[in-house]
Structures are given as C-alpha cells and as structure tokens.
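Below you'll find the structure, written out as structure tokens, and then a few comments.
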Number of protein chains: 2
Amino acid sequence: MAELTGVQKQYILHWGEMGTRWGINRTVAQIHALLYLSPRALPAEEIAETLSVARSNVSTSIRELETWGIVRAVHVLGDRREHYESMKDVWEMFRLVIEQRKRREIDPTREMLRQCLANLDPKEPGADFTRDRLAAMAGFFEAVTELHDQMKRLPTGTVRKLLRMGTKVRKKAG
Amino acid sequence: MAELTGVQKQYILHWGEMGTRWGINRTVAQIHALLYLSPRALPAEEIAETLSVARSNVSTSIRELETWGIVRAVHVLGDRREHYESMKDVWEMFRLVIEQRKRREIDPTREMLRQCLANLDPKEPGADFTRDRLAAMAGFFEAVTELHDQMKRLPTGTVRKLLRMGTKVRKKAG
DNA sequence: CATTACTTTCAGTATAGACTGAATATACAG
DNA sequence: CTGTATATTCAGTCTATACTGAAAGTAATG
C-alpha cells in the first residue's frame, strides 16, 4: 500500500470536511478524493488501509459513489478484486452530482410548493399573504430549474466560454 | 399563540428536511420557514411553542439566521420582547446565503488547491499526474467564482431576464 | 465440490452535533 | 433599587447517523 503524500493528505482531509458541510458523508467524500488523485484504480482493501476505515465502510461508500456515477469498478489483469477509479472530468463530475441533487431536492420542493398552493384554503385567515409567499418561492425554484435546463443543453466547455462573454451578456440584458 | 395551518406545517417540515440535506440545522431551517410564512414578526417564545422546541434552541437558531442576514429583530409598540421577521425577497435571501457559503466553503477550497499546487514536490512519484488533477479542480472552482462574480453584479430581476434570453445566448456561444 | 479470495449485509456501538433546562446575564418598570 | 420580564449561555443528555467487525453471501480456482 502506498503511503499518502502530504499534498494528498491535505486534499483528502479538506474534501472530506467540505463534503460534510454539503450533506455528504465524510468517508464518501474522502474516498472520492483519494480516487480522484490516484493515477491507478484501487482495490477496496487498499482504500480502507490508506484512510484507516473499516473495509465494510468502504464497500458502502463506494456503492454510494457508484450510484452518483462518478466512480466505477474496473478490472486488473491477474487480480480477482474489483478496483475502483474516479471519473477525471471535473465538469462532468459536478454536472452529474448537480443533476441528481436537483432531482432529489429541488424537484420535490417544487412539488411541495405546488401542493401547498393547491391545498391553500382561501377562507383561512391570511391566505392571500401565504399565497404570495409560496408563489414567490415557487417562482424562484422554477427559475433555478430553468437555469439548470439551459446549462444541461450546453456542451462541455461552453459554460466556460459563456463566462468569458459575461460582460457583454450583462450589457445586453441590462 | 396561533396554531399552524396544514399548509404551514407542510412547508415548515419540508423546509427543515431540505435544510438538513444541505448542512443546515433542521430547527434553523424550520424557524426560517415559519417566519417566512408569517405575516407578522414573532417573539421567540411563540416560535418555541409553535415548533415545540426549547426557548434556548430558538435563541441560538435565530442568532444564526441573523448572521446570515435573512432574519432580523423588530420592535412592537408596548412589548418589551424582540420580535423576529424574515426577509421576504426570495432572490435576495438566496443571494445572501450563496454569497456567504461561497466565502466559507468555495474560497477556502480554492485556497487549499493553491496551497496543494504550491506544496507539490516535483520529485515525488506521480507529481505530474497530481498536478493535472489539482489544476483541473482549481480551474473549476475559479470558474464557479467567476460565475458568482458575474451574477453578483447583476441587479435583481436581471437573472430572470437572462434566463428568458437563454436560447439566444446559447446560440451565440455555440 | 472444497477451498480460498473477495464482497456485502447487518446488528450493535460510537460519536458528532442538536437540543434541553437550569443557571446566569441583561434590561426594563415601578 | 428591587422585582420582573426577557434573552443568552452552557453543562449535560439525547439522537441520528456513521462506523465497525463478525457473519453470511458470492464467485473464482484447483
């Protein structure tokens, strides 16, 4: 098992920390960090040793990363074990994560807001006020969804191009 | 103390749930939801009763919301107690939260990546590979920062306008 | 088909962070 | 000043979630 370099340690610890702040399990994030920096696919056993976590914990965490679609198992000739590697395209990685978090969190929230607006009894005291607040929030989430859809249609690399165009775009819109 | 309507309950519970998924304390999120839907500012006592949490818990949570800048104390004539109200402008609210999370999480990550690139020993095995990975990640975070800066300069409402222009913008960039 | 290598599951344990309530601090009213 | 209303702090408790290790499951090998 290769020891971690100082830089790897720094990156992995930070990434784990950031993960927790965004509702992602620390170990899951650390494993992702390790694989992202690894030039070769690693077997679960080695991941467990390197990060000092239980083998079973690696198993569960890897599965989570696989469901995100940012880690996959590969096979190495002459080795029965699964080896895991991370996707290397950072933009694609975040695109996948964002798309899925949108599906799991934004979409249900939009649905909830729609439900609330539907359930709203106009005879309740303050119903008008409540409707305004719900509608404003719903509008925001619709916009976020719109933004996401627009981005999704862009081929990789175009977002970066758009950013460079930023100033011009702002002028047109302003 | 006013009882919650069904719609309020639904909204508050969902909002609390979403909070936890994004690393925000459930109670903090629930209090925000309650205040957002409330047509009048509420004293801490009433918030505690309505949500069935300890008065002290409300105190702490309110302070957190105040540091985000999305809740503030107001005074009611003939009442010594502080009453709390939420900002109602949804866009501004999210702008504040995003700006601060960027400062707390994106900026330190950029810094960490810079540090890592600086600390990288070119004699270490695989240093070139590591540098590539770090640089790619750093590029992404720079882009996110750029995007954030661009947005920050837009007056409220313009983002919505831009979204409507989306298709045209995509053509220009494509 | 027995053995070995590897992976997953899961019941129990550990732990970080949330929450409570009593104690303390603050500030207003009389 | 004294008493009362309100707000904050903090030590201890609770709880949701992460994590472990043993047991069960799966699959390759000889």
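Remark: P of dA5(C) and NE2 of H75(A) are 19 Å apart, rounded to the nearest angstrom. Whole-Å rounding puts the I62(A) CD1 to dT9(C) C1' distance at 17 Å.
Judged by closest nucleotide on DNA chain C, Y84(A) is the one of T20(A) and Y84(A) placed further toward the 5' end.
Checked by atom type, the side-chain pair Q10(B)/N119(A) shows a donor-acceptor distance below 3.5 Å.
At the heavy-atom level, R80(A) lies under 4.0 Å from base atoms of the strands shown.
Relative to the side chain of A44(B), the nucleotides dT8(D), dA7(D), dT6(D) differ in distance, and dA7(D) lies closest. Of the listed nucleotides (dT8(D), dT8(C), dA28(D)), dT8(D) has the atom at the smallest distance from the side chain of R63(B).
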Report all interatomic pairs (protein N or O, nucleotide N or O of nucleotides 19-21 of chain C) with separations under 3.5 Å.
unit_1: dC19(C); atom_1: OP1; unit_2: T27(B); atom_2: OG1; d: 2.8
unit_1: dC19(C); atom_1: OP2; unit_2: N25(B); atom_2: OD1; d: 3.1
unit_1: dC19(C); atom_1: OP2; unit_2: N25(B); atom_2: ND2; d: 3.2
unit_1: dC19(C); atom_1: OP2; unit_2: T27(B); atom_2: OG1; d: 2.8
unit_1: dT20(C); atom_1: OP2; unit_2: A54(B); atom_2: N; d: 2.6
unit_1: dT20(C); atom_1: OP2; unit_2: N57(B); atom_2: ND2; d: 3.2
unit_1: dG21(C); atom_1: N7; unit_2: S56(B); atom_2: OG; d: 3.1
unit_1: dG21(C); atom_1: O6; unit_2: S56(B); atom_2: OG; d: 2.7

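Note on ring orientation: taking the six-membered ring where Trp is involved, the planes of F94(A) and F140(B) are parallel (angle under 30°, cut-offs 30° and 60°).
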Which side-chain N or O atoms in residues 95-104 of chain A pair as donor and acceptor under 3.5 Å with protein atoms at least two apart or in another chain?
unit_1: R95(A); atom_1: NE; unit_2: E92(A); atom_2: OE1; d: 3.0
unit_1: R95(A); atom_1: NH1; unit_2: E99(A); atom_2: OE1; d: 2.9
unit_1: R95(A); atom_1: NH2; unit_2: E92(A); atom_2: OE2; d: 3.0
unit_1: E99(A); atom_1: OE2; unit_2: R103(A); atom_2: NH2; d: 3.4
unit_1: Q100(A); atom_1: NE2; unit_2: W68(A); atom_2: O; d: 2.9
unit_1: Q100(A); atom_1: NE2; unit_2: L96(A); atom_2: O; d: 3.1
unit_1: R101(A); atom_1: NE; unit_2: E105(A); atom_2: OE1; d: 3.1
unit_1: R101(A); atom_1: NH1; unit_2: W22(A); atom_2: O; d: 2.7
unit_1: R101(A); atom_1: NH2; unit_2: W22(A); atom_2: O; d: 3.4
unit_1: R101(A); atom_1: NH2; unit_2: E105(A); atom_2: OE1; d: 3.4
unit_1: R101(A); atom_1: NH2; unit_2: R21(B); atom_2: O; d: 2.6
unit_1: K102(A); atom_1: NZ; unit_2: D107(A); atom_2: OD1; d: 2.8
unit_1: K102(A); atom_1: NZ; unit_2: D107(A); atom_2: OD2; d: 3.4

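With hydrogens and angles disregarded, no donor-acceptor distance shorter than 3.5 Å links the side chain of S59(B) to the backbone of R55(B).
Evaluated for a side chain to side chain contact (heavy atoms under 4.5 Å, CB included) with I31(B), the options L34(B), L35(B), V28(B) yield exactly one hit, L35(B).
Residues M137(A) and M93(B) form a side-chain contact, since some pair of their non-hydrogen atoms from C-beta on lies under 4.5 Å apart.
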